[in-house]
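To start, the structure itself, in structure tokens.
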Amino acid sequence: MVNVLLSSEPLSIQACADWVMSPEAGGIDIFIGTVRNHTKGRAVVRLEFEAYDRMAISEMNKIAAEIMVRWPLHKVLIHHRTGILQVGEIPVIIAISAPHRDAAFTACRYAIDTLKQTVPIWKKEIFEDGEQWVTPTP
Amino acid sequence: MVNVLLSSEPLSIQACADWVMSPEAGGIDIFIGTVRNHTKGRAVVRLEFEAYDRMAISEMNKIAAEIMVRWPLHKVLIHHRTGILQVGEIPVIIAISAPHRDAAFTACRYAIDTLKQTVPIWKKEIFEDGEQWVTPTP
Amino acid sequence: MEVKVLVFGRARELAGSGSIAVHATDGATLADVIALVKTQHPAMAQLSAFSTAINGQYAAIDTLLSAGDEVAIIPPVSGG
Amino acid sequence: MEVKVLVFGRARELAGSGSIAVHATDGATLADVIALVKTQHPAMAQLSAFSTAINGQYAAIDTLLSAGDEVAIIPPVSGG
């Protein structure tokens, strides 16, 4: 089962965990991104997330479908925020339940790494004295 | 910062996530163990967890201290249940926040693998028609 | 034919708009349309690297377009 | 000297008790005390593999004991 969401509302860790829980599962791995208060020593005031909505949803669904095929998993959830996020808020939650923890960890790691490469979402960092679009670090 | 708990009360995913969150952190990885409804095709009714309390706490603290030294982490939380757990309940939560996700994933994986090898906690599976102490699978 | 070009992130700021209407000749490729966009919005020449999509799917720059296609200019993504 | 031996999991069930009082000679090692426990509780011979601890720390089987030490017999753990 797959649960993909692109939302301008705050993401809920508890709701995501509840959704992936299953009496069939032995292990759950959850990755949570949070907005950090600094980038290379510069204080971050907030982040602004912009998405190509329909393609972002379709690319997140592709990741979910791919990991469901590659590893033995029960449930896969990928939720991403859009809009303005303050420091400490949650841009992304990936939650995966599996019969065994190995698959849950490996698939969760693969999902966030792939999301950062393929899903058309962009963030701009707003500093006290400026702003910049974040570019991926190789 | 380290937060270790051995408890006969239900563990809270939200409370654990809240504790490790930090404006300094960019990534959080959470591993959640859950009681599965079957083992090798046999229906599990419940699990009974027994611990050598003071040593279990001390070994969990050793794991937390070790991973704080080995990887750049912000906060490390290891909570383990004791007593009788029904299918779907949570025996263990490990939550780790770090400046970067790589360290959070790697340390979380290492922590659960090590916990299963060193922390003096034992579980017995109760089936419809019998029971057995779980032994580690190599 | 008329093609809609969506631009995002830094590309959107350079273009000054998130959606650009382009009039292309029949048989135009994605590359032809991108060239027209850059002519209309010279500031976009500053965009060193980007991917492209047609109707919400990544597509190679030599793909032929059809009337009504939704093209997207996708600067390096930074979600998560 | 008096030594308290804690036993857990399957070992506890085989011993029929979670705590065993052992009277050992001065200078006894962990191995000596384990042998006495097995003599008092023959069913424990069924326990094929276990670790040992003294005062809550893993300890090798040849470690010397002191009066009042808390010994633990630790069958293969299965937490998590």
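Worth knowing before you read on, the calculation uses all heavy atoms, side chains too, and leaves out hydrogens, waters and symmetry mates. Proteins come first, then strands; the chains are lettered A, B, ... in the order of their sequence lines, and each starts at number 1.
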Problem set entry | ring-ring contact (aromatic ring centres under 6.0 Å, His included) pairs, two or more places apart, involving residues 11-45 of chain A | A:F31-B:F105
Exercise. Is it true that A:E48 and A:R46 make a salt bridge, defined as a side-chain N closer than 4.0 Å to a carboxylate O?
Worked result: yes
Problem set entry | Sidechain-backbone polar pair: B:S12 side chain, B:A15 backbone, donor-acceptor under 3.5 Å | yes
Exercise. Any side-chain donor paired with an acceptor under 3.5 Å for B:D113 and B:Q117?
Worked result: no
Exercise. Would A:R109 and B:D29 pass as an ion pair if we require N to O under 4.0 Å?
Worked result: no
Exercise. Which bit of A:D102 is near chain B, if near means a heavy-atom gap under 4.5 Å: side chain, backbone, both or neither?
Worked result: both
For this session: Would you please go through residues 66-100 of chain B and name the residues with a non-hydrogen atom below 4.5 Å from one of chain A, in numerical order?
Result: B:V87, B:G88, B:I90, B:P99, B:H100
Exercise. Atom CG of B:D18 and atom CD1 of B:I13: how far apart are they, to the nearest 0.5 Å?
Worked result: 11.5 Å
